[in-house]
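One-based numbering along the sequence shown. It should be emphasised that the depicted structure is a prediction, and the values quoted were computed from it without experimental measurement.
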Amino acid sequence: MNAYIVLALLIGARTEELRALTWERLDLDGDPPTIQVWRSVRRDGRMKTAKSRRTLELPDRCVDALRDHKADQMRMRQEAGDSWNELGLVFCTRHGSALDAAKVRRSFRLIASAAGLNPKEWTPRELRHSFVSLLSSSGVTIEEIAHLVGHGSTSVTERV
């Protein structure tokens, strides 16, 4: 969950966007490194809004977390052997299958609890909200925040 949490907190991606993310949508060696947030686990892979489809620069901390995660995933793939289900997903089960929302929430609750947080008050979505709050308190314009998180308008961002 480390890379999942780092991405959610540092790029503000929706949980359904991260669960649909494939390795081909990442350029970890680019200048700058980028992530293409182009799919969702929603019906037919559609995004929440037209503006949700976006390409973002990746902070170094995200790149490092993703490289570590890829190495861990390669080890899982070897351990799974023939039972590995190759879908190209960045975040998947120990056998390569897609993660469901409940699995992500359960894993996140365990981490929140271990960190001394009330797991009933924290969900993966809180990371996205924290991303928006951190940008806002740092003086980033509401228009730029709306673009980064893929909101259709600034009114949605303002409500968050």
(message) Which residues pass the salt bridge (charged side-chain N to carboxylate O under 4.0 Å, His left out) test with R75, not counting sequence neighbours?
(response) D72
(request) Can you see which heavy atom on V104 is nearest to which on P124, and at what distance? (result) CG1-CG, 3.8 Å
(request) Kindly give the cluster partners of I142, where membership spreads through any ILVMFWY side chain lying under 4.5 Å from a current member. (result) none
(message) Quick check against the 3.5 Å criterion: does Q73 have a side-chain atom that pairs as donor or acceptor with the backbone of G96?
(response) no
(message) Rounded at 0.5 Å granularity, tell me how far CG in L21 sits from CG in L66.
(response) 7.5 Å
(request) Could you tell me which residues satisfy side chain to side chain donor-acceptor pair (under 3.5 Å) with E86, sequence neighbours excluded, listed by chain and number? (result) R77, W84
(request) Please list, chain by chain and in numerical order, all residues satisfying salt bridge (charged side-chain N to carboxylate O under 4.0 Å, His left out) with D64, sequence neighbours excluded. (result) none
(message) Applying side chain to side chain donor-acceptor pair (under 3.5 Å), can you list everything that pairs with H95, at least two apart in sequence or on another chain?
(response) S83
(request) May I ask you to decide if M76's main-chain N or O and E79's side chain share a donor-acceptor pair within less than 3.5 Å? (result) no
(request) Measure the shortest side-chain to side-chain distance between L7 and L127 over non-hydrogen atoms and say whether it is less than 4.5 angstrom. (result) no
(message) Are F131 and V140 linked, directly or through intermediate hydrophobic residues, by side-chain heavy-atom contacts shorter than 4.5 Å (ILVMFWY only)?
(response) yes
(message) Assess the residue pair T55 and I35 against the criterion (side chain to side chain contact (heavy atoms under 4.5 Å, CB included)); give the C-alpha distance rounded to whole Å, side-chain angles, the decisive distance to 0.1 Å, and a yes or no.
(response) CA-CA 6 Å; T55 299; I35 181 173; over 6 Å; no
(request) Kindly give the heavy-atom pair with the smallest separation between S97 and L87, and that separation in Å. (result) CA-CD1, 4.1 Å
(request) Verify, without hydrogens or angle tests, whether E57 (side chain) and P33 (backbone) share a donor-acceptor contact under 3.5 angstrom. (result) no
(message) Hydrophobic cluster membership, with links at side-chain heavy-atom distances under 4.5 Å among I/L/V/M/F/W/Y: are I145 and V156 in one?
(response) no
(message) Less than 4.5 Å apart, side chain to side chain, heavy atoms only: is that true for P119 and S113?
(response) yes
(message) With side-chain hydrogen bond (donor to acceptor under 3.5 Å, both in side chains) as the rule and sequence neighbours excluded, what pairs involving residues 132-146 come up?
(response) none
(message) Quick check: do V90 and T22 have side-chain heavy atoms less than 4.5 Å from each other?
(response) no
(request) Return yes if some donor-acceptor pair links the side-chain N/O of R54 with the main-chain N/O of L148 below 3.5 Å, else return no. (result) yes
(message) Using side-chain heavy atoms (C-beta onward) and a distance below 4.5 Å, is L58 in contact with T34?
(response) no
(request) Would you please name every residue forming a ring pair (Phe, Tyr, Trp, His ring centres under 6.0 Å) with F91, sequence neighbours left out? (result) Y4, H69
(request) Identify, with sequence neighbours excluded, every residue that meets side chain to side chain donor-acceptor pair (under 3.5 Å) alongside R109. (result) none
(message) Would you compute the distance between atom CG of L10 and atom CD1 of I5 and round it to the nearest 0.5 angstrom?
(response) 11.0 Å
(request) List in chain and number order the residues that pass side chain to side chain contact (heavy atoms under 4.5 Å, CB included) with N118, two or more places apart in sequence or in another chain; answer none if no residue qualifies. (result) K120, E121
(message) Quick check: is M1 connected to W122 through a chain of hydrophobic side chains (ILVMFWY, heavy atoms under 4.5 Å apart)?
(response) yes
(message) Under the rule for side chain to side chain contact (heavy atoms under 4.5 Å, CB included), what residues qualify as partners of K103, not counting sequence neighbours?
(response) L99, D100, R106, S107
(request) Enumerate the residue pairs fulfilling salt bridge (Lys or Arg N to Asp or Glu O under 4.0 Å) with a member in residues 18-30, sequence neighbours excluded, ordered by first and then second residue. (result) D29-R67
(request) Identify, with sequence neighbours excluded, every residue that meets side chain to side chain contact (heavy atoms under 4.5 Å, CB included) alongside N2. (result) V6, A65
(request) Quick one: do S130 and L9 satisfy side chain to side chain contact (heavy atoms under 4.5 Å, CB included)? Show the steps, please. (result) CA-CA 7 Å; S130 296; L9 186 59; 3.8 Å; yes
(request) Any chance you could measure E126, atom CD, to T15, atom OG1, to the nearest 0.5 Å? (result) 12.0 Å
(request) Quick one: closest heavy-atom pair of T93 and A98, and the distance? (result) CG2-O, 3.8 Å
(message) Test of understanding: clusters of I, L, V, M, F, W, Y form through side-chain heavy atoms closer than 4.5 Å, transitively. Do W23 and V63 belong to the same one?
(response) yes
